S.K.: 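I'd like to ask you about the structure that follows.
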Amino acid sequence: MYSLLKKKKLNNLKLMKMKRNLLYILLAAASLTSCKKDIVERNEVFPALAPNNIDANADAWTPILTASSTFTVAAPDAITTPNYLADLNEIKSYQKNLTQEQKDIIKYWSAGSVLRWNEILRDLVAKHNLPPYQNDDGTYPFPSAANPLAYPLFPFSNPPYAARAYAYVSASQYDALVQAWKFKKQFNRAAPYKNDVNVQALIPKSDLPSYPSEDAVVAGVTSKMMELLFPGDLDFIQKKVAEEKLYRLMSGANTRSDWDAGESLGKQVAAVFLARARADKAGAAIGTQADWTALETNTAAKGQTPWISLELPKRPPMLPLFTKVNPFLFTTATVEALRPPPPYSTSSAEFKKEAEEVLQMSQNHSREHERIVAFWADGVGTPTPPGHWNTIASEEFVKQNWSEVRWARNLALLNMAEMDAAIVCWDAKYYYFNPRPTQMVLTIKTLTGIPNFPSYTSGHSNFSGAAATVLSYLLPDRGNKFMDMAKEAAMSRLYGAIHYRSDCEVGLQTGKKVGEYAVARAKADGADK
Amino acid sequence: MLLCAVITNQVKAQTETDALMIPKNYFCAAGIYTHNSWDHYWEGTLKRENLNLGTISSNVYALGGNYGLSNRVNVLFMVPYIKTNASAGTLRGQRGVQDLMLAVKWLAAKEEIGTGLLSFHAILSGNIPLGKYEADYLPLSLGLQTKSIAIRGLLNYQLGRFFVAGAGQYVRKDNITIDRDNYYTTEMHYTNKVAMPNATNFLLSAGYRSLKFNAEGVVSKINTIGGFDITRNNMPFPSANMDATMVGGVFKYMFQSIRGLEFTAGGNYVVSGRNVGQNKSIFGGVYYVFPIKKEKAE
């Protein structure tokens, strides 16, 4: 009996011990889950845009395409009219009861309209920068603008497509804002918070007239351009437009009539750019089987080894006729004039020496080289190299406190240079149709994905040379910063074993030459007076 | 009976799975070789091959140990050296030391139930990347470069020479830093930090254990909590939603002539998954268990 009791007591003790142990385990598990993992991203902490200079004379800056166009914006209601008073009351009713979500919307958009739409564009480019998967028979399908949501989704926003998208969006934003500044000056209707002391300014106050709204102009022109460029994402785009509109009203920056006039003007300006885009020959850049075969036979006829796709199954070369696209900064004749001299002959000793260097890079690379390759890879599923340069530029521009129109002008200069660099680079790639190192030396393994187009010259190098030239002009106090970055970006392609040294060096030089055309335009457009 | 409980070696930080302990002041040294390979993978839920990768394989050479702090508490560690390879396409494989795995295994409770023995183990483990290898180089990266900490509960019921066991694990993964300063998941991120989804790990096993020979069948399921699907024909990314259900077996042979020497071999096969390769792994290893302090006479 006694032993039985003892056993029971022992069992109870054991049970208690087990319970205590379980408690420890639960406590440990709880502490595992409670740790914070929050990451603050760089673009979440951008301050509200408070321009040092409202650029009141931007109405006189030279636009890209719309110097002789006429646009209509109706005269606004006087600030004493019932319509305007109703608009003010709408703002006040929003401001009476702002939710946290609405405050977050204000914080997000107040960093700047041109900036945020540039980010939205980068998002769309990254989302769509995916090469289509092959058909069962080993051929490849092409995306169709007419049916953008069927696989493969339209577009495949590869680097040339993306460069062109950034250029059209930025250039059209710039023209739309120059036109908006004309009407702002003409109508000179002040911001709501200046007309009614009971309207709060939840953004930095500005002396810029608010009719038509500059944010609305940007939203209107951009959403319209995106209908062409990203036709499968209109739900997302319209949601952003609606959110920005709400932001302008809630923050007291614009009335509904300011917004509507701006959005309408933006769409009118977009029509001019859309007409150009539809006729700029980009739609035919994919080429045909006959074009692809001719590239191969013509190169072989010159005694050179022609490029072949290193993908399995072999994929047609990326946008071989992009070279025919109508550039922004110069004529098609200049594209040919900017074409670099031929690469080393594929049978020359110099060519073999360069290939040998690539093999060395492939076999004996440092961790630092890996870092550089990865940092600048900007391959599949990214905003592409021009997008990366937009990120770099934006993060510098944020520090400058520029007006929206100057933001747009400077991004337009950058992105027109990037698009034209794509055209010039693609011209060299398909004129020479030069093989990749891995095609010539099978033991060369690459540190990043190998792009599906010829080697000479490097696209990254062209994009980076052009971008650094424009940014160095716009921000002279940054010294060699951008050019040093461009050199690193160019060399990353050699380190990654996907380009010969001469591809990178010549590409960088050509890119700089393209950038100079943008600089020449910048010096003459009236903004730097 | 001297048994050595060492980590089943998988590239993705699989930790100790069995209810075996070594006694106080004993040390078990382990050397394990694992070969992983797959030629199909899941892109989201879509199973596919990739002619530009061919077969992805890795060879893992791991050294580890287990020390009996007491009869109820064991301390384990393991360090793998890994080489990865793609049989097709141009991408270069990686090689190097991956992560240090450290674990404390605690026999928390033991109870006779019927004629069998029920035990409960709690295992706290951590993973610390040793090399500065590139995590954002999937599927050829050595690992995910994430510091993690995990807690596992393991119930084992032994009836004569037969046993069944079930375990559940929660893994908390730290943010990682990649070489890029921006990346896209389901939206753009402007940072070089990547928030890694935490994970759970469930396991069921059953088998036979004797003084000479162990044989065990295992079903396990790794599940990330959150994460996103790889989009069509996109590259994989460290913070993707990676799930896998695996079946496998472990065999162990204990030499009677050389006290403390054991051979182990086994394999694992992914039967279903999401954003992971359909991995087939086989492993073989040697354990040697020995006392590191002379046992005191009672």
Side-chain angles (χ1 to χ4, degrees), chain A residues 11 14 17-18 21-22 24-25 28-29 32-33 35 37-44 119 122-123 126-127 129-134 151-153 310-313 362 365 367 370-375 377-383 387-388 391 395 436 438 444-450 497-498, chain B residues 43 48 50-54 85-86 88-94 96 106 108-111 120 122 124 131-134 136-137 148-153 170-175 178-196 198 230-235 237:
Chain A
N11 274 344
K14 264 188 183 171
K17 209 173 163 191
M18 236 171 128
N21 291 342
L22 274 171
Y24 288 154
I25 292 157
L32 285 183
T33 51
C35 308
K37 294 214 259 188
D38 293 346
I39 295 169
V40 178
E41 299 183 16
R42 297 191 302 279
N43 64 333
E44 289 172 49
E119 287 181 355
R122 279 180 251 151
D123 227 282
K127 177 184 172 187
N129 184 10
L130 296 170
Y133 189 72
Q134 65 263 26
Y151 191 82
L153 301 181
L310 293 168
E311 286 193 42
L312 293 170
S362 164
H365 58 267
R367 181 66 185 87
E370 282 183 0
R371 184 195 68 76
I372 292 169
V373 171
F375 183 85
D378 298 323
V380 164
T382 72
H388 198 169
T391 301
E395 289 174 16
R436 292 270 173 181
T438 306
I444 293 176
K445 290 284 178 184
T446 63
L447 278 69
T448 186
I450 198 158
I498 61 173
Chain B
E43 192 173 76
R48 62 165 289 185
N50 191 327
L51 299 176
N52 295 300
L53 294 173
N85 183 62
T90 71
L91 281 181
R92 188 184 191 280
Q94 295 281 41
W106 172 37
K110 182 161 72 164
E111 186 81 10
F120 179 75
L124 185 71
K132 283 194 188 307
Y133 62 85
E134 201 179 350
D136 180 22
Y137 191 68
S148 67
I149 185 161
I151 188 156
R152 179 194 289 267
Y170 180 82
V171 188
R172 183 197 180 274
K173 294 183 191 164
D174 212 351
N175 297 336
I178 59 173
D179 294 332
R180 289 193 266 168
D181 71 345
N182 67 83
Y183 58 90
Y184 186 84
T185 54
T186 54
E187 58 180 353
M188 282 302 297
H189 297 278
Y190 294 97
T191 170
N192 59 358
K193 299 275 189 286
V194 180
M196 298 292 285
N198 295 330
I230 305 171
T231 47
R232 189 79 179 109
N233 222 21
N234 205 340
M235 297 293 281
F237 192 71

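Note that the structure is predicted; figures quoted are calculated from it, not measured. Below, chain A is the first sequence line, B the second, and so on; all start at residue 1.
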S.K.: Is Arg180(B) salt-bridged to Asp378(A), cutoff N-O under 4.0 Å?
M.R.: no

S.K.: Could you tell me which non-hydrogen atom of Asn43(A) sits nearest to which non-hydrogen atom of Tyr190(B), and how far apart they are?
M.R.: ND2-CD1, 3.4 Å

S.K.: Checking heavy atoms, do the side chain of Phe237(B), its backbone, both or neither come under 4.5 Å from chain A?
M.R.: neither

S.K.: How far does OG1 of Thr391(A) sit from CG of Asp181(B), to the nearest 0.5 angstrom?
M.R.: 7.0 Å

S.K.: Who pairs with Lys193(B) by side chain to side chain contact (heavy atoms under 4.5 Å, CB included), at least two apart in sequence or on another chain?
M.R.: Ile39(A), Thr177(B), Thr191(B)

S.K.: Does a side chain donor of either Thr90(B) or Thr446(A) reach within less than 3.5 Å of an acceptor in the other side chain?
M.R.: yes

S.K.: May I ask you to decide if Thr448(A)'s main-chain N or O and Arg92(B)'s side chain share a donor-acceptor pair within less than 3.5 Å?
M.R.: no

S.K.: For Ala126(A) and Met188(B), which heavy atoms make the closest approach, and how far apart are they?
M.R.: CB-SD, 3.7 Å

S.K.: Check side chain to side chain contact (heavy atoms under 4.5 Å, CB included) between Asn52(B) and all other residues, then give those that pass, not counting sequence neighbours.
M.R.: Glu311(A), Leu312(A), Asn50(B)

S.K.: Can you tell which part of Pro132(A) gets under 4.5 Å to a heavy atom of chain B, answering side chain, backbone, both or neither?
M.R.: backbone

S.K.: Examine whether an atom of Leu130(A) lies under 4.5 Å from a heavy atom of chain B, and if so say whether it belongs to the side chain, the backbone or both; otherwise answer neither.
M.R.: side chain

S.K.: Rounded to the nearest 0.5 Å, how far apart are CD1 of Ile178(B) and CZ of Arg371(A)?
M.R.: 12.5 Å

S.K.: Taking the side chain as every heavy atom from C-beta outward, state whether Glu134(B) and Arg367(A) have any pair of such atoms under 4.5 Å apart.
M.R.: yes

S.K.: With a 4.5 angstrom heavy-atom cut-off, is it the side chain or the backbone of Gln134(A) that approaches chain B, or both, or neither?
M.R.: side chain

S.K.: Tyr133(A) versus Arg48(B): any side-chain heavy-atom pair under 4.5 Å?
M.R.: yes

S.K.: Which heavy atom of Pro313(A) sits nearest to which heavy atom of Leu51(B), and what is that distance?
M.R.: CD-CD1, 3.9 Å

S.K.: Got Asn233(B) and Tyr151(A) here, is their nearest side-chain heavy-atom distance under 4.5 Å?
M.R.: yes

S.K.: Can you tell me which of Arg42(A), His388(A), Lys127(A) forms the most heavy-atom pairs within a distance under 4.5 Å of chain B?
M.R.: Arg42(A)

S.K.: Could you check which of Lys132(B), Glu187(B), Gln94(B), His189(B) has the highest count of heavy-atom pairs closer than 4.5 Å to chain A?
M.R.: His189(B)

S.K.: The test is side chain to side chain contact (heavy atoms under 4.5 Å, CB included); show your working for Leu91(B) and Lys445(A) and say whether it passes.
M.R.: CA-CA 6 Å; Leu91(B) 281 181; Lys445(A) 290 284 178 184; over 6 Å; no

S.K.: Side chain, backbone, both or neither: which part of Asp136(B) has an atom under 4.5 Å from a heavy atom of chain A?
M.R.: neither

S.K.: For the CD atom of Glu370(A) and the OH atom of Tyr133(B), what is their distance to the nearest 0.5 Å?
M.R.: 12.5 Å

